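Here is the naming used below: chain letters follow the sequence lines, and residue numbers restart at 1 for every chain. For clarity, every value in this text was computed on a predicted model and none was experimentally measured. The basis for the numbers below is simple: all heavy atoms, side chains too, and nothing from hydrogens, waters or symmetry mates.
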There are 2 protein chains.
Amino acid sequence: MNIGNASERSGLPTKTIRYYEDIGLLKPDRADNGYRDYSMSDVHKLRFLQRSRGLGFSVEECRQLLALYEDKDRASADVKLMAQSKLREIDRKIIELRELQHTLNHLVAHCHGDQRPDCPILENMSGKG
Amino acid sequence: MNIGNASERSGLPTKTIRYYEDIGLLKPDRADNGYRDYSMSDVHKLRFLQRSRGLGFSVEECRQLLALYEDKDRASADVKLMAQSKLREIDRKIIELRELQHTLNHLVAHCHGDQRPDCPILENMSGKG
DNA sequence: TTAATCTTTCCAGTAACTGGAAGGTCAAGG
DNA sequence: CCTTGACCTTCCAGTTACTGGAAAGATTAA
């Protein structure tokens, strides 16, 4: 599959896909004409990168996450430790998103453009430390 | 409050805090000695920025989110529309995080370093389109 | 008063893309 | 066969969002 097709399926711009190849996140085959040739597995990885990047994980963290299922030589304990650390991060992110959600809901429901400097939203907004 | 203190309370490096001021996200007072002087409101904003940036929102999106409770002149309908759009984004992010969580849990539970190229995780990993 | 620890500005470097030029490839229509 | 347009290639420059470091002023503690 050509890069344009992989782009559509993954939701990533072609520029970004080539960039991810440059920094060694994936290595698609090449057709005889020199075009990159993406497998479904490549597309899965790209889609995964698209998601995890959008959720605030750095490229290096994404590289580690990809390694979790790619690196077959890694010891099981290492994999588990790494995955569990990421799971805790994800838990925290979900909680933060729920708080943000709550704050915005509150804003929509109660502050019709007339909020004062001491608007209670300001308190929730910060997550209170 | 000095920048170091604001940094501790917000979780943002001082460098980043100054950068956010450069690009006009907040404007702390200045003490007589020239030091920046952060109010609790400033710290709330910084903490909010720290969170929303970490959750994958761009600086410009964060600027809009901040505007949601700062811009008292904005019409209520506009505020609601914007907030609701952000709420849908947040919903999507939470779903994606849950899927990622599910994938990692599956990895920890079932793939002890012996996963094959056709490992079922690969399917889930990509969110199936 | 001196040393350590702030703080300031400025400027350069990095991370993660993003846009554009210059050119090769391919599928469709005349 | 030839052309046109949509693809693809590489390369290089620009942008976003920081990040590090230098040089110098301010504050605190001994």
> Mapping Y35(A) and Y19(A) to their closest nucleotides on DNA chain C, which lands nearer the 5' end?
Replying inline: Y19(A)
> In whole angstroms, how far is the C1' atom of dC7(D) from the CD atom of E8(A)?
Replying inline: 12 Å
>> Expressed as a whole number of angstroms, how long is the span from D37(A):CG to dC7(D):C1'?
In response: 15 Å
> Linking I/L/V/M/F/W/Y whenever their side-chain heavy atoms sit closer than 4.5 Å, directly or via other members, would I90(A) and L97(A) fall into one cluster?
Replying inline: yes
Nucleotides 20-22 of chain D: which of its N/O atoms have a protein N/O under 3.5 Å away?
| unit_1 | atom_1 | unit_2 | atom_2 | d |
| --- | --- | --- | --- | --- |
| dG20(D) | N7 | K15(B) | NZ | 3.0 |
| dG20(D) | O6 | K15(B) | NZ | 3.1 |
| dG21(D) | N7 | K15(B) | NZ | 3.3 |
| dG21(D) | O6 | K15(B) | NZ | 2.1 |

> Think K93(A) forms a cation-pi with F57(A), using NZ or CZ under 6.0 Å from the six-ring centre and within 45 degrees of its axis?
Replying inline: yes
> Where the side chain of E89(A) meets the backbone of K86(A), is there a donor-acceptor pair that is under 3.5 Å apart?
Replying inline: no
>> On the nucleotide dT18(C), are OP1 or OP2 found under 4.0 Å from the side-chain N or O atoms that T16(A) carries?
In response: yes
> Any donor-acceptor pair under 3.5 Å linking the side chain of T16(B) with the backbone of L12(B)?
Replying inline: no
> Going by an N to O cut-off under 4.0 Å, is there a salt bridge joining R92(B) and E96(B)?
Replying inline: yes
> Can you tell me how far C1' of dC18(D) sits from CG of L49(B), to the nearest Å?
Replying inline: 13 Å
>> Side chain of P13(B) only, heavy atoms from C-beta on: which candidate in dT27(D), dT19(D), dT25(C) is closest?
In response: dT19(D)
> Is the backbone of I3(A) close enough, under 3.5 Å, to the side chain of S7(A) for a donor and an acceptor to pair up by distance?
Replying inline: no
> How many Å lie between CD1 on I23(B) and C1' on dT15(D), as a whole number?
Replying inline: 13 Å
> Atom CD of E60(A) to atom C1' of dA16(C): distance rounded to whole Å?
Replying inline: 11 Å
> Just how far, in rounded Å, is P of dC7(D) from CE of M1(A)?
Replying inline: 16 Å
>> Does a side-chain N or O of R36(A) approach OP1 or OP2 of dT9(D) to a distance below 4.0 Å, or not?
In response: yes
> What's the closest nucleotide to the V59(B) side chain, out of dA17(D), dG25(D), dC8(D)?
Replying inline: dA17(D)
> Side-chain N or O of R63(A) less than 4.0 angstrom from OP1 or OP2 on dA16(C)?
Replying inline: no
>> Please pick, from dG24(C), dA17(D), dT27(D), the nucleotide with the shortest atom-to-atom distance to any side-chain atom of N33(B).
In response: dT27(D)
>> Looking at dT9(D), I'd like to know if its phosphate oxygens (OP1 or OP2) sit under 4.0 Å from a side-chain N or O belonging to R18(A).
In response: yes
> Which part of the nucleic acid, if any, lies within contact of I3(B), taking any heavy atom under 4.0 Å across all strands shown: a base, the sugar-phosphate backbone alone, or nothing?
Replying inline: sugar-phosphate
> Would you say Y20(B) reaches dC18(D)'s phosphate, i.e. side-chain N/O to OP1/OP2 under 4.0 Å?
Replying inline: yes
>> Salt bridge or not between E21(A) and R18(A)? Use side-chain N to carboxylate O under 4.0 Å.
In response: no
> Taking the side chain from R63(B) and the backbone from I23(B), do they hold a donor-acceptor pair closer than 3.5 Å?
Replying inline: yes
>> Rounded to whole Å, please give me the gap between CG in N5(A) and P in dA6(D).
In response: 18 Å
> Is any side-chain nitrogen or oxygen of R53(B) closer than 4.0 Å to OP1 or OP2 of dA17(D)?
Replying inline: no
> Expressed in angstrom and rounded to an integer, what is the separation of D22(B) atom CG from dC11(C) atom P?
Replying inline: 12 Å
